[in-house]
Amino acid sequence: MEGRVALVTGGGRGIGRAIAVRLAQEGAKVAISYRSNAAAAGETAELVRKAGAGCETFKGDVASSEDVEALMKGVGGAFGPVEILVNNAGMTRDNILLRMKDDEFEEVLATNLKGTYLCTRAVLRGMVRARWGRIVNISSVVGLLGNAGQANYAASKAGMIGFTKSVAREVAGRGITANAVAPGYVETELTGALPENVKERILGQVPVGRFGEPEEIAEVVAFLAGERAAYVTGQTIAVDGGMVMQ
Ligand code: NDP
């Protein structure tokens, strides 16, 4: 992917940071977006530059169409049209359904699903014109299995899978692929707050017997984002130590 322009949303921390660095190692120029943690985004940018690639950071909410428009203008100005889009920005607001508030449902759907829709729609025209593009959406095993206390998050992540398949069908003839990666449990700030007993219960469901590393997710994303994955589209690849065996 030498010289390709990649955008990783939510690239400031966690899995997104590992993806940004991995794409840089493959030779891509990497733009990262973040919502509020500028210091973390700056650290990622340093790591990307150390890996030998250009990097720019952009602040904005992926759930806002104005912010996404500004993001794409910024990336376009710095590097040119986005050729590799990784929809990674995501969040949780867990609650059991009986107690779930409308804003908990809406905020999670807005970031995870609407954000994916807005960013993908914004880059698609450029990809169609170039007759080349790679879209990788970071879903979750929770979107495949469901999870008590995460009906909002599971709906958003399952929605991303249906969205990915539909986009894949729309643009398959134009040299563009769209795939989803469904990570299992990876230790980041997103999962760091879970109580120990919940972590142990999850670990009991992982055949490999350990949690995943952000770099292990990034490895599969890098494959899907590259030239060699041209014949893989509309798929959801679980990277989860065997939690989901399809
Ligand atoms: P983190 O919470 O560590 O990082 C989330 C990143 O997304 C941050 O950079 C954050 O920005 C950004 N972000 C969040 N909301 C928005 C928004 N509305 N607009 C723009 N950026 C936003 O998460 P992880 O690295 O753990 O997760 C990354 C992705 O992987 C998510 O989609 C998550 O659902 C998915 N995933 C994670 C798993 C895990 O075990 N960790 C398992 C399965 C899926 P800022 O730094 O400014 O806050």
Side-chain angles (χ1 to χ4, degrees), residues 7-22 30-45 47 57-68 70-72 74 85-94 103 106-119 122 136-147 150 152-161 163-164 180-194 198-199 202-203 205-206 210-218 220-221 236-241 243-244:
L7 168 62
V8 182
T9 68
R13 301 185 273 127
I15 294 172
R17 172 180 287 178
I19 294 170
V21 171
R22 189 69 188 82
V30 185
I32 61 172
S33 88
Y34 65 99
R35 185 170 48 179
S36 56
N37 193 336
E43 281 171 34
T44 303
L47 293 169
T57 64
F58 299 90
K59 183 177 192 297
D61 181 354
V62 291
S64 149
S65 39
E66 292 80 28
D67 283 13
V68 169
L71 167 66
M72 297 309 170
L85 171 67
V86 183
N87 284 304
N88 165 81
M91 63 173 300
T92 53
R93 282 191 71 183
D94 298 352
D103 66 302
E106 283 159 7
E107 202 188 334
V108 169
L109 267 287
T111 291
N112 300 0
L113 186 55
K114 188 183 173 198
T116 297
Y117 148 72
L118 286 175
C119 292
V136 184
N137 297 325
I138 308 302
S139 177
S140 167
V141 287
V142 168
L144 295 165
L145 296 172
N147 195 22
Q150 290 196 313
N152 51 357
Y153 182 75
S156 74
K157 294 296 179 179
M160 286 174 77
I161 292 172
F163 177 81
T164 303
V181 170
Y185 185 99
V186 179
E187 295 243 32
T188 65
E189 284 173 48
L190 189 87
T191 47
L194 284 178
V198 175
K199 287 188 191 175
I202 298 169
L203 196 55
Q205 297 164 25
V206 184
R210 64 171 175 82
F211 295 134
E213 303 287 340
E215 290 72 21
E216 292 175 306
I217 310 303
V220 177
V221 173
T236 300
I237 302 187
V239 186
D240 62 353
M243 275 177 93
V244 178

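Atoms within a ligand are numbered from 1 in the order they appear, just like the ligands themselves.
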Exercise for the section: Please assess Tyr185 against Lys199 for the test side-chain contact (heavy atoms from CB on, under 4.5 Å), listing each intermediate value before the final yes or no. Expected result: CA-CA 9 Å; Tyr185 185 99; Lys199 287 188 191 175; 3.2 Å; yes

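- In terms of polar-atom proximity, defined here as any N/O pair under 3.5 Å, Ser33 makes no such contact with ligand 1.
- Counting the atoms of ligand 1 from 1 in the order shown, those under 4.0 Å from a heavy atom of Tyr153 are 33 (C), 34 (O), 35 (C), 36 (N), 43 (C), 44 (C).
- Numbered from 1 in the order shown, with element, the atoms of ligand 1 that lie under 4.0 Å from a heavy atom of Tyr185 read 40 (O).
- When non-hydrogen atoms are compared, ligand 1 lies under 4.0 Å from neither the backbone nor the side chain of Ala63.
- Looking from atom 45 (P) of ligand 1 to the surrounding protein, the closest heavy atom is Arg13 NH2, 3.6 Å.
- Considering only non-hydrogen protein atoms, atom 18 (N) of ligand 1 sits nearest to Asp61 OD1, 2.9 Å.
- Annotation: the span from Leu71 atom CG to Thr9 atom OG1 amounts to 8.5 Å, rounded to 0.5 Å.
- For atom 43 (C) of ligand 1, the nearest non-hydrogen atom of the protein is Pro183 O, 3.4 Å.
- By the criterion of a heavy-atom distance under 4.0 Å, neither the backbone nor the side chain of Arg17 is placed next to ligand 1.
- Residues Asn37 and Arg13 meet the side-chain proximity criterion, which asks for heavy atoms closer than 4.5 Å.
- By the 4.5 Å heavy-atom criterion applied to side chains, Leu7 and Phe58 are not counted as neighbours.
- Protein heavy atom at the shortest distance from atom 26 (O) of ligand 1 is Thr188 OG1, 2.4 Å.
- Side-chain contact between Arg35 and Met91: present, with at least one pair of heavy atoms (C-beta onward) separated by less than 4.5 Å.
- In terms of polar-atom proximity, Tyr34 is not counted as a contact of ligand 1, lacking any N or O under 3.5 Å from an N or O of the ligand.
- If you number the atoms of ligand 1 from 1 as listed, the ones under 4.0 Å from a heavy atom of Ile138 come out as 29 (C), 30 (O), 32 (O), 35 (C).
- Side-chain contact between Arg17 and Thr44 is present, with heavy atoms from C-beta onward closer than 4.5 Å.
- Of the N and O atoms on the side chains of Thr164 and Asn137, at least one donor lies less than 3.5 Å from an acceptor on the other residue.
- Listed for the Thr236 side chain is no donor-acceptor partner under 3.5 Å among the backbone atoms of Ala180.
- Looking only at heavy atoms of the protein, atom 12 (C) of ligand 1 is closest to Gly10 CA, 3.5 Å.
- Ala89 CB, 4.0 Å is the protein heavy atom nearest to atom 13 (N) of ligand 1.
- Closest heavy-atom approach to atom 37 (C) of ligand 1 among the candidates Val186, Ile15, Thr191: Ile15.
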Practice task
Determine, stepwise, if the pair Val62 / Thr111 fulfils side-chain contact (heavy atoms from CB on, under 4.5 Å).
Solution key: CA-CA 6 Å; Val62 291; Thr111 291; 4.2 Å; yes

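- Residues Leu144 and Ile161 meet the side-chain proximity criterion, which asks for heavy atoms closer than 4.5 Å.
- Comparing heavy-atom distances from atom 16 (C) of ligand 1 across Arg35, Glu189, Glu187 singles out Arg35 as nearest.
- Among protein heavy atoms, atom 44 (C) of ligand 1 sits closest to Ser139 O, 3.2 Å.
- The backbone N or O of Gly60 lies less than 3.5 Å from no partner atom in the side chain of Asp67, so there is not a single donor-acceptor pair.
- Nearest residue to atom 5 (C) of ligand 1 from Ala39, Ser36, Gly90, Ser64 is Gly90 (criterion: closest heavy atom).
- Contacts of Met91 with ligand 1, taken as heavy-atom pairs under 4.0 Å, are absent altogether.
- Remark: the backbone N or O of Ile138 is paired with a side-chain donor or acceptor of Lys157 at under 3.5 angstrom.
- Side-chain N or O atoms of Thr92 include none that pairs as donor or acceptor with a backbone N or O of Asp94 at under 3.5 Å.
- Proximity to Gly60 (heavy-atom distance under 4.0 Å) selects the following atoms of ligand 1: 19 (N), 20 (C).
- Remark: ligand 1 atoms within the under-4.0 Å shell around heavy atoms of Asn37 are 45 (P), 46 (O), 47 (O).
- Proximity of a side-chain donor or acceptor of Asn152 to a complementary backbone N or O of Arg93 within less than 3.5 Å is detected.
- Counting atoms of ligand 1 from 1 in the listed order, those under 4.0 Å from a heavy atom of Thr111 are 15 (N), 16 (C), 17 (C), 18 (N).
- Contacts between Leu190 and ligand 1 below 4.0 angstrom, taking non-hydrogen atoms only, involve backbone and side chain alike.
- In terms of protein heavy atoms, atom 42 (C) of ligand 1 is closest to Gly184 O, 2.9 Å.
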